[in-house]
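First up is the structure itself, then whatever we jot down about it.
Residue numbers begin at 1 in each chain, while the letters A, B, ... track the order of the sequences. Just so it is clear, the values below take in all heavy atoms, side chains as well, and ignore hydrogens, waters and symmetry mates.
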Amino acid sequence: MAAVQVSEAEKVYIMHGVQDDLRVDGRGCDDYRHMEIETDVVSNTSGSARVKLGHTDILVGVKAEMSRPKLEKPNEGCLEFFVDCSANATPEFEGRGGEDLGTEIANTLYRVFDNGHNIDLKSLCICPMEHCWTLYVDVLLLQCDGNLFDAISVAIKAALFNTRIPKVQMIEDEEGTKEIELSDDPYDCMRLDVENVPCIVTLCKIGHRHVVDATLQEKACSMASLLVAVTRKGTITCVRKVGGGSLDPESVFEMIETGKRVGKALHTPLQEILQKEESLGKKRHKVGFLG
Amino acid sequence: MAVDMRLASARKRAPGSLVSQDESKHLVAPGDVITTDTGFMRGHGTYTEDEKLMASVAGEVERVNKLICVRPLKTRFNGEVGDVVVGRITEVQQKRWKVETNSRLDSVLLLSSVNLPGGELRRRSSEDELAMRDYLQEGDLISAEVQSVFADGALSLHTRSLKYGKLGQGVLVQVSPSLVKRRKTHFHNLLCGASIILGNNGYVWIYPTPAQQDEEAGGFFTSTEPVPLSDREVISRLQNCILALSAHKVLLYDTSVLYCYESSLAHQIKDTLKPEVMEEIVMETRQRLVEQEG
């Protein structure tokens, strides 16, 4: 992850600030930075979203493709994640430098979405054992300013909400050959129910307290962080510890409780924003990348 | 606990900003033709093509008699002798430190250009060389002055005055170097209760005003005492104000920062991170600055 160098005195200042619940930019320990969301930014995907959290910039595109379902789950579709750390974010990501971080994030996303309750995978099935929809979720890191996982999970939820999968039907011929018929209307599509898609909350341990949405400077002062993936109802789908330091069990418990509380509170404004954007319809002024 | 989310389309465009005094600035973009007159000498930021003088950077055209050059709006720090900079140590080498100052090359701080503890004046020995890391390590922040410029453009810094040296507890804000005006002094003790160093290289250091001005050590030791909450609030507010001013491309100097601070007192500190609040306080600041000049 792109890291900044911080001097010892700056670290002391940041840690004392966190203890007093007044971080360097005036936020409390549980406050997020200003977040900006836009969906449908990439026209040749089934769904896309762009999220800016502070200076962190994430672009997610979802493409739906037909494929054979997995053998052990013959009547379900699946989600495939790929994370690309572009050299735009920092020069360290040039060439294969960003691969490690990319695979780490992708593996975490697989674990977060591994249970069958987040997305109704059965609705992605076209014909059991033969055809199903696979959603390829591609994440592009444009700029790195700390707190990647949170921004990526919000962007994935927004992109899945925006995804439109064309409605297909299986037609059986007289000879018994099956054909797939696509409906004539290009706007006739199926939407996904993202009610149970989780959002990831990263909690960084600084001194004796933990903070949500750490900037790069705060990250440099923390030895260990905890990732908690929380759904709207408060169900935790994944807990993961990152970082080289150690966490003692009481603080892990406290951090999970905070993560649950903060995570639950993330979903409501996100849902409202997405509904509002949807309701703007054609009148919506697309900002995109040049706005 | 607050989460502030909004749509990108809700972002309002700033209504045409307050018009500045002179509108005769000749602004160019890369590839623009500056002039077709061949009688001029080419300066920095220009090139000739087919007998036309074209700009290679985006900026303002400057003409001095027969010399035409383009001064870019966004650029790395080009240091001159006498500039005050705030830099971060990146390497500790044999008789010098390499300092990162947002310029094209890392600047150099020679061992002979720093004050020894106790203020002795003597030749630096090998023990001094070995003790270099005890004074300045990788990651430390220093304030220094540019002593000279090497042939390749790298800056040579010195901290031979008691006001320069290692920086203690505080906050570093990075803005564009073109926003910091060259003035008589870059060290300010603001009335609101904090002190600020406006480095010419765009690095602004905000720190709590030291209680007593004891400087025989020249910033050798940094205190790890916790800074009181009231000072922290002032420093956080100042940091957000400077970020707001730099986002709206307002020149940074002690008066503009102070006016911005006063305008921001009407809002909570964490609200000053929101774009519309930033715009509001910068508009107020601009108005006050225009009134003050007029």
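Only the backbone of B/Ile89 comes within contact range of chain A, with heavy atoms under 4.5 Å apart. For B/Glu233, the parts lying near chain A are the backbone and the side chain together; criterion is any non-hydrogen pair under 4.5 Å.
Among A/Asp20, A/Val6, A/Leu22, the residue making the largest number of heavy-atom pairs under 4.5 Å with chain B is A/Leu22. Between chain A and the residues B/Thr272, B/Asp271, B/Ile235, the largest count of heavy-atom pairs under 4.5 Å involves B/Ile235. Among A/Val12, A/Asp213, A/Val212, A/Ile37, the residue with the largest count of heavy-atom pairs under 4.5 Å with chain B is A/Ile37. Among A/Cys29, A/Gly28, A/Gly26, the residue with the largest count of heavy-atom pairs under 4.5 Å with chain B is A/Gly26.
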Start with the C-alpha gap between B/Leu172 and A/Gln217, add the side-chain angles, then the distance that decides, and say whether side-chain contact (heavy atoms from CB on, under 4.5 Å) holds. CA-CA 10 Å; B/Leu172 182 73; A/Gln217 285 83 4; over 6 Å; no
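Within 6.0 Å of NZ on A/Lys264 lie no more than 12 heavy atoms contributed by other residues, nucleotides or ligands. Atom CD of B/Glu225 has 12 or fewer heavy atoms from other residues, nucleotides or ligands within 6.0 Å. Counting heavy atoms of neighbouring residues, nucleotides and ligands inside a 6.0 Å radius, atom CZ of B/Phe187 exceeds 12 of them. Sparse packing is recorded around NZ of A/Lys260, with 12 or fewer heavy atoms of other residues, nucleotides or ligands lying under 6.0 Å away. Within 6.0 Å of CD in B/Gln93 there are more than 12 heavy atoms belonging to other residues, nucleotides or ligands.
The CE atom of B/Met5 lies 12.5 Å from the NZ atom of A/Lys276; values are rounded to the nearest 0.5 Å. Going from atom CG of B/Leu7 over to atom CG of A/Leu274 covers 8.0 Å, rounded to the nearest 0.5 Å. Here the CD atom belonging to A/Glu10 is positioned 4.5 Å from the CZ atom belonging to B/Arg88, to the nearest 0.5 angstrom. Atom-to-atom distance recorded for A/His16:NE2 and B/Gln169:CD is 6.5 Å, nearest 0.5 angstrom. Summarising the geometry, atom CG belonging to B/Asp140 is positioned 9.5 Å from atom CD belonging to A/Gln5; distances are rounded to the nearest 0.5 Å. Between the CD atom of B/Gln239 and the CZ atom of A/Arg23 there is a distance of 11.5 Å, given to the nearest 0.5 Å.
Between the side chain of B/Ser236 and the backbone N or O of A/Asp25 there is no donor-acceptor pair closer than 3.5 Å.
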